[in-house]
Student: 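Please see the structure below; I have some questions.
A, B, ... follow the sequence lines: proteins, then strands. Residue 1 opens every chain. All values reported here derive from a predicted model rather than from experimental measurement.
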Number of protein chains: 4
Amino acid sequence: MQAARFMEVGRIEVGDIPDPDPVHGEVVVRVSHAGVCGTDRHILKGEFPSRPPVVLGHEFSGTVVAVGAGVTTHSVGDLVACDPNIACGACPSCLLGRINLCENLIAIGVQRNGGFAEFSSVPAHRALSLPAGLDLRSAAFSEPLACCVHALDVAAIRPGERAIVIGGGVIGLLCVQLARLAGAEVMLITRSPARQVIGGSVGAHTVAATPEEAREQWPRGADIVLECAGTGETMAQAPRLAERGGRVVIVGVLAKGEGVLIEPFDLLLREVDLRMAFVNPFTQSRALQLLASGAISTAPLVTREVGREDLPGILASQPGPSEVKVLVTG
Amino acid sequence: MQAARFMEVGRIEVGDIPDPDPVHGEVVVRVSHAGVCGTDRHILKGEFPSRPPVVLGHEFSGTVVAVGAGVTTHSVGDLVACDPNIACGACPSCLLGRINLCENLIAIGVQRNGGFAEFSSVPAHRALSLPAGLDLRSAAFSEPLACCVHALDVAAIRPGERAIVIGGGVIGLLCVQLARLAGAEVMLITRSPARQVIGGSVGAHTVAATPEEAREQWPRGADIVLECAGTGETMAQAPRLAERGGRVVIVGVLAKGEGVLIEPFDLLLREVDLRMAFVNPFTQSRALQLLASGAISTAPLVTREVGREDLPGILASQPGPSEVKVLVTG
Amino acid sequence: MQAARFMEVGRIEVGDIPDPDPVHGEVVVRVSHAGVCGTDRHILKGEFPSRPPVVLGHEFSGTVVAVGAGVTTHSVGDLVACDPNIACGACPSCLLGRINLCENLIAIGVQRNGGFAEFSSVPAHRALSLPAGLDLRSAAFSEPLACCVHALDVAAIRPGERAIVIGGGVIGLLCVQLARLAGAEVMLITRSPARQVIGGSVGAHTVAATPEEAREQWPRGADIVLECAGTGETMAQAPRLAERGGRVVIVGVLAKGEGVLIEPFDLLLREVDLRMAFVNPFTQSRALQLLASGAISTAPLVTREVGREDLPGILASQPGPSEVKVLVTG
Amino acid sequence: MQAARFMEVGRIEVGDIPDPDPVHGEVVVRVSHAGVCGTDRHILKGEFPSRPPVVLGHEFSGTVVAVGAGVTTHSVGDLVACDPNIACGACPSCLLGRINLCENLIAIGVQRNGGFAEFSSVPAHRALSLPAGLDLRSAAFSEPLACCVHALDVAAIRPGERAIVIGGGVIGLLCVQLARLAGAEVMLITRSPARQVIGGSVGAHTVAATPEEAREQWPRGADIVLECAGTGETMAQAPRLAERGGRVVIVGVLAKGEGVLIEPFDLLLREVDLRMAFVNPFTQSRALQLLASGAISTAPLVTREVGREDLPGILASQPGPSEVKVLVTG
Ligand SMILES: NC(=O)c1ccc[n+]([C@@H]2O[C@H](COP(=O)([O-])OP(=O)(O)OC[C@H]3O[C@@H](n4cnc5c(N)ncnc54)[C@H](OP(=O)(O)O)[C@@H]3O)[C@@H](O)[C@H]2O)c1
Ligand SMILES: NC(=O)c1ccc[n+]([C@@H]2O[C@H](COP(=O)([O-])OP(=O)(O)OC[C@H]3O[C@@H](n4cnc5c(N)ncnc54)[C@H](OP(=O)(O)O)[C@@H]3O)[C@@H](O)[C@H]2O)c1
Ligand SMILES: NC(=O)c1ccc[n+]([C@@H]2O[C@H](COP(=O)([O-])OP(=O)(O)OC[C@H]3O[C@@H](n4cnc5c(N)ncnc54)[C@H](OP(=O)(O)O)[C@@H]3O)[C@@H](O)[C@H]2O)c1
Ligand SMILES: NC(=O)c1ccc[n+]([C@@H]2O[C@H](COP(=O)([O-])OP(=O)(O)OC[C@H]3O[C@@H](n4cnc5c(N)ncnc54)[C@H](OP(=O)(O)O)[C@@H]3O)[C@@H](O)[C@H]2O)c1
Ligand SMILES: [Zn+2]
Ligand SMILES: [Zn+2]
Ligand SMILES: [Zn+2]
Ligand SMILES: [Zn+2]
């Protein structure tokens, strides 16, 4: 089959590799749609740990074409979306139910072969069945959406609160929708006018380009600030945009070792908490449900569809100024 | 001033009483809109404790016309909505912040003069300022809405869950809106076709007349069931309409002493919790915010506007088949 | 090896069966201590679903003697305690992290061979390693303790609250200790004077034989009521023993189909919630930690130690008046 | 009466001022015990906002000697402890129940006359009645203890977790006790050997002088880290001492404007949250309950008892190396 593999830092190779066989407890999926994620670019640059040679692609959907021994939950023909994170079940974090913090976490498309290929073999319980009526294209968004659902769980928005989302990438634009869905009045802060327009179209009540503009519109700040940009600058801004009693949820990933200055006196007297939301613990089936009911729209987020052969070029260059999500198909 | 007073069981008297003077810590409000509530009818029948003679009306909005000594937070001309529940601040419940469970709770319009009058004097901190742009008519809904906001806090809906609301009165129709706003797919169960139509128009994704019809549409039931009908029959149905891991929130009031049968084995193995939501603790400012932002619509819920002189007739008879909320104006 | 198997309703057979072989992903444990539980008696009477012929015993500890293919987390010689509940990982409940509500739950010692035998094969991730210093005898309590830890999580006791535990069996006596450990003042209600004495010795601040006696001592009731007796009578008492703003946690199992009458008016006005706690989701490693640190004592709960050959007699008869836990050894 | 008043930065004056008269809604308390707090020293240095001339002392207990008009909850002779924080009830924070974040907060003993005097007049609802059996000396600890109870609520410790408390002052030593009471295994980090000994005597399972020593004993760190030292150094250490999935609670007060560096990448991948706990919202009645039941011991924390005339010297100098709490009596 055709597959795009990460071979070493700086090198993606698109070529033929053997089809995966169905092993015990796994199902083989014919990949339909696979999303390109910033993490793929980080892997290529050697900024994120991986295990080359490996087929990248951790956001994908498809059809089950073969079922391994011992699998009772799936049949050939099932439409599924992949949850790439395989927790060990036995480490201290897993035994406490914090599976996203598993000490032995293996991610499909990062440490083992993923979805930038014709077929991918995944543990049956990581191949989530699509709710009735959901198409495979939208389902490819279920993994990033599941990360955002987790972020919203951590935020614990209550109807009538205000939320600021910083960052107009796919994570920010999904968080905008979820925050609105959670009953908040939502502001999106993103610099690019194109992203601001998309933000408005998917439900932001208002937009701003800078924290100063945000503050002008909402002088008291917001009950919840979701940091989805992943820069040192925006991390430092986030607590200052929070209201008394507010909470900041960090979703964006800053480089390892990079520091950010906080002011404990200010945080304490206003009881502004900093909470972390990492990947998708027990949230992807809810993400699928949200996509199936139409509560979350993904069409405005798809910038273009490409083939696997386009991946080396795409992953080697930076996303365009209005690019949100690139989907690999066929 | 003109006022409608509850004099004794079965008797409401509309007539002239002295205008209230502004006392220490209170403000006098010229009443603009006051909602009629089922509780008013219960008081008239002697089914709910009151202290006659007393001006009824606990859901109202208006304009501050006088300010008592020691009040620094309000000025003449302020638009306000009344939170009728005055907690003592000193009982065990109050000291734990459970102010809705105050052992010395005094409700404006129930145990002291309320809003079915030209003017009403209320403690300054129970006269909540209207957010910019909110009209007095909508603000009259802030008290029942605040009860529903509390119910939704207790329900703790997460985006992507399903909610069933039982009961198509004002409480049910506000809960439908709030559950949708909290990210749920919502079903309203109410028998009257007219109420079903209103339910759909304010946001229910689907409606049903009976639990059997509900079950047909959603065979697994719902993550959250909000009981807003207040009958023994619907209380017994509620847990059976909940999914595994679901929760039932009781909002409806059944008569004192009336029993309902539950099946603990079934509840335990499915971990279906029964949670209670009583009145409006710390939720009315959020209710006002929701009304101001337009997130909650009240226009479809106003059946008609009447004068104070109509109150004796209205309170003595049962609500009509499609009646939701009657507002007293002028 | 010698094993005590449930053959059909009313019949336990102690005899020789083949030793288990280590299969893929599993470890074989030489059983050291195995607790007898009320559920074993229910299975024997046909009151609880099982799959005969099957080796009973779902509360056990032991030493790993063989490791199947693919197991990287365990080695021969490891001391372990078994978590008997194997969730499927793929059903709606599992995907939401509610693994105790798994629709395909398989319990070791109930639906597949358990610990009333010399050896038992279990999935590696269900064989929890003992923390340093913990002995195998105490570790045999980790499963019932894990159920109680879950109950206490559900109860969410805050230091300075009061808790009433109803029922002086092993579940009640562990909950007494946990409630005290959670910072509560604790009362145990149990009828037998012998159990009351044990209750006091493991940390109950006070004891009572009846709800009336309880009420005399604590006229306001308790913030938390843990129902650990499993009778219709105590289920009905529980909400009445709760304070305003309190919560009742149902741990005891009533027969399927048996109803209990609640009074919604009373529960609502006092906001007394009914919460359910079923088995041990993600709590057994914490239970082991509590046993290892000595925070929970099990010695006073061991009534006697017996051999496997004694099981038919023990399971066929009712527990003695002061019996708490019978351990099968050797 | 004799009173110690803060007159201007650097000057405390002990002298005679008129006795307070009982005003509407207030009670006059004959002060029995009043604790000296670090905040008093900060006020004297001008580092904390106050309103001189004002009688300091915000941690005190005493006997009601006069009752103002409109007070129905108290009688002459009642033993009470003062909750110094008077929230306005009307600001956005108050309306949301976050009374500790009140925008108009007035603290007794800081912005209005407090307890370093023979008598003090306080609003009736801020004079909490002592539970039966509690002595006035212990009750003087109820305010700092209430702050710690809030910190522990924020920490949300579950039995079987590990907690590290940084700082061996009165706040740290109360948090040690509460963390233990919440079911945690507790380590105290404090540099002074004398404080380490007191820590062990009030319930710390282990002690350390430095984070390195702590790490040697608990290589994985702790589920909860309570920062109670209030230095930039310890604030920076706190997140590094937290386990995966852990949470840091900031209780210590750093100077306004002082920054602390965090590493978001590390916090995010381990989901270590930073939570804030400011003063005593709705927790002081629980603190009194804990003192009354003997769950918290204060005797080891009282370094010495002094007279009001000693206050100028005490407040002008730094606390001694083993000083924990100084009580003003008589
Ligand atoms: N926690 C998790 O589980 C998780 C999961 C997935 C992704 N992530 C992380 O989440 C972050 C967002 O992911 P993504 O895929 O949406 O990335 P992305 O496409 O790179 O989006 C980031 C956006 O941030 C905006 N931004 C950059 N600097 C800004 C500033 N100073 N002010 C305001 N906006 C600014 C940029 O838009 P403008 O140019 O318009 O400002 C950009 O579009 C990344 O750090 C990613 O690694 C985390
Ligand atoms: N907890 C609180 O704080 C709080 C606050 C306010 C009100 N309440 C209570 O909440 C309840 C609702 O208040 P409301 O003002 O909305 O009352 P309402 O106008 O009387 O509405 C109740 C609705 O329940 C429906 N109903 C009755 N029997 C039903 C059944 N068997 N199945 C389905 N629906 C049924 C009725 O509609 P159909 O005829 O169309 O079925 C009716 O419209 C009342 O019990 C009230 O006392 C509680
Ligand atoms: N939810 C779960 O996950 C879970 C897990 C394990 C067990 N359970 C259930 O928890 C319950 C307790 O288990 P167990 O092993 O401790 O059972 P047990 O040994 O039978 O203990 C029950 C105790 O309840 C007491 N009791 C009975 N009637 C009472 C009454 N009217 N008032 C006060 N106390 C009364 C009895 O003591 P006296 O004779 O002294 O009154 C008896 O010792 C059972 O129903 C069991 O099935 C649930
Ligand atoms: N959030 C709130 O509501 C609230 C309420 C009251 C007080 N506070 C704050 O809580 C903090 C503690 O109050 P307190 O009255 O207990 O103060 P304190 O008596 O000054 O105690 C602070 C302790 O921290 C220890 N410490 C200092 N540097 C340390 C280091 N590098 N490593 C370890 N320990 C160190 C010191 O003990 P060693 O010399 O032995 O190390 C000292 O005893 C203060 O900042 C206070 O302002 C906050
Ligand atoms: Zn793991
Ligand atoms: Zn009260
Ligand atoms: Zn399952
Ligand atoms: Zn305030």
Side-chain angles (χ1 to χ4, degrees), chain A residues 49 91-94 96-103 105 150-151 154 158 160-161 220 223 227 230-232 234-236 238-239 242-279 281, chain D residues 49 91-94 96-103 105 150-151 154 158 160-161 220 223 227 230-232 234-236 238-239 242-279 281:
Chain A
C91 73
S93 296
C94 282
L96 291 169
R98 303 289 296 263
I99 55 168
N100 55 328
L101 307 182
C102 173
E103 298 177 10
L105 201 67
H150 177 48
V154 168
R158 300 182 306 175
E161 293 190 314
R220 295 183 64 92
D223 301 287
E227 204 291 336
T231 74
T234 49
M235 298 260 171
E243 262 250 49
R244 265 163 201 262
R247 43 225 182 266
V248 172
V249 181
I250 304 290
V251 188
V253 179
L254 206 57
K256 191 167 158 55
E258 201 172 322
V260 165
L261 216 54
I262 57 170
E263 187 194 342
F265 179 87
D266 170 56
L267 297 179
L268 179 65
L269 267 77
R270 300 189 298 130
E271 281 198 344
V272 170
D273 289 351
L274 301 191
R275 303 183 186 173
M276 308 294 141
F278 183 60
V279 303
Chain D
C91 74
S93 296
C94 282
L96 292 168
R98 305 288 296 265
I99 55 168
N100 54 326
L101 308 180
C102 173
E103 299 177 11
L105 201 67
H150 177 47
V154 169
R158 301 182 305 176
E161 293 190 315
R220 296 183 63 92
D223 302 286
E227 205 291 335
T231 76
T234 48
M235 298 261 171
E243 263 250 47
R244 265 161 201 264
R247 43 226 182 266
V248 171
V249 181
I250 304 291
V251 189
V253 179
L254 205 58
K256 194 169 157 54
E258 200 172 323
V260 166
L261 215 56
I262 57 168
E263 188 195 342
F265 179 87
D266 170 56
L267 297 179
L268 179 65
L269 266 78
R270 300 190 298 130
E271 281 197 347
V272 169
D273 289 351
L274 302 190
R275 305 184 186 172
M276 308 295 140
F278 184 60
V279 303

Student: Do the side chain of A:Glu271 and the main chain of D:Leu101 share a donor and acceptor less than 3.5 angstrom apart?
Tutor: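 No; zero donor-acceptor contacts below 3.5 Å.
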Student: Measure distances from D:Glu258 to the heavy atoms of chain A and classify the residue's part below 4.5 Å as side chain, backbone, both or neither.
Tutor: backbone
Student: Please determine, among A:Glu227, A:Lys256, A:Arg275, A:Arg270, the option with the most heavy-atom pairs under 4.5 Å with chain D.
Tutor: A:Lys256
Student: Thinking salt bridges, do D:Arg220 and A:Glu103 make one under a 4.0 Å N-O criterion?
Tutor: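 Looking at D:Arg220 and A:Glu103, the cut-off is met.
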Student: Measure the shortest side-chain to side-chain distance between D:Ile262 and A:Leu274 over non-hydrogen atoms and say whether it is less than 4.5 angstrom.
Tutor: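 Contact flag for D:Ile262/A:Leu274 side chains = yes.
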Student: So for A:Cys102, is it side chain, backbone, both, or neither that comes closer than 4.5 Å to the heavy atoms of chain D?
Tutor: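 Just the backbone, heavy atoms under 4.5 Å.
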Student: Between chain A and each of D:Gly252, D:Ala277, D:Ser93, count heavy-atom pairs under 4.5 Å; write down the option with the most.
Tutor: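 Winner by heavy-atom pair count: D:Ala277.
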Student: Which heavy-atom pair separates D:Gly245 from A:Arg98 by the least distance, and what is that distance?
Tutor: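 The pair with the smallest heavy-atom distance is O-NH1, 3.3 Å.
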Student: For the CG atom of D:Asp273 and the CZ atom of A:Arg247, what is their distance to the nearest 0.5 Å?
Tutor: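 The CZ atom of A:Arg247 is 12.5 Å from CG of D:Asp273, to the nearest 0.5 Å.
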Student: Under a 4.5 Å heavy-atom cutoff, which of A:Val272, A:Leu96, A:Val279 has the most pairs with chain D?
Tutor: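 Top option by heavy-atom pairs under 4.5 Å: A:Val272.
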Student: Kindly give the heavy-atom pair with the smallest separation between A:Leu268 and D:Phe278, and that separation in Å.
Tutor: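 In terms of heavy atoms, the two residues are closest at O-CB, 3.4 Å.
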Student: Side chain, backbone, both or neither: which part of D:Val251 has a non-hydrogen atom closer than 4.5 Å to chain A?
Tutor: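 For D:Val251, the backbone is the part near chain A, not the side chain.
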Student: Between D:Asp266 and A:Gly257, is there a donor-acceptor pair closer than 3.5 Å when you use the side chain of the first and the backbone of the second?
Tutor: no
Student: If every non-hydrogen atom of D:Met235 is compared with every non-hydrogen atom of A:Pro264, which pair is closest and at what distance?
Tutor: SD-CB, 3.8 Å
Student: Minimum heavy-atom separation for A:Leu254 and D:Phe265, please, with both atom names.
Tutor: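 Closest approach of A:Leu254 to D:Phe265: O-CD1, 3.2 Å.
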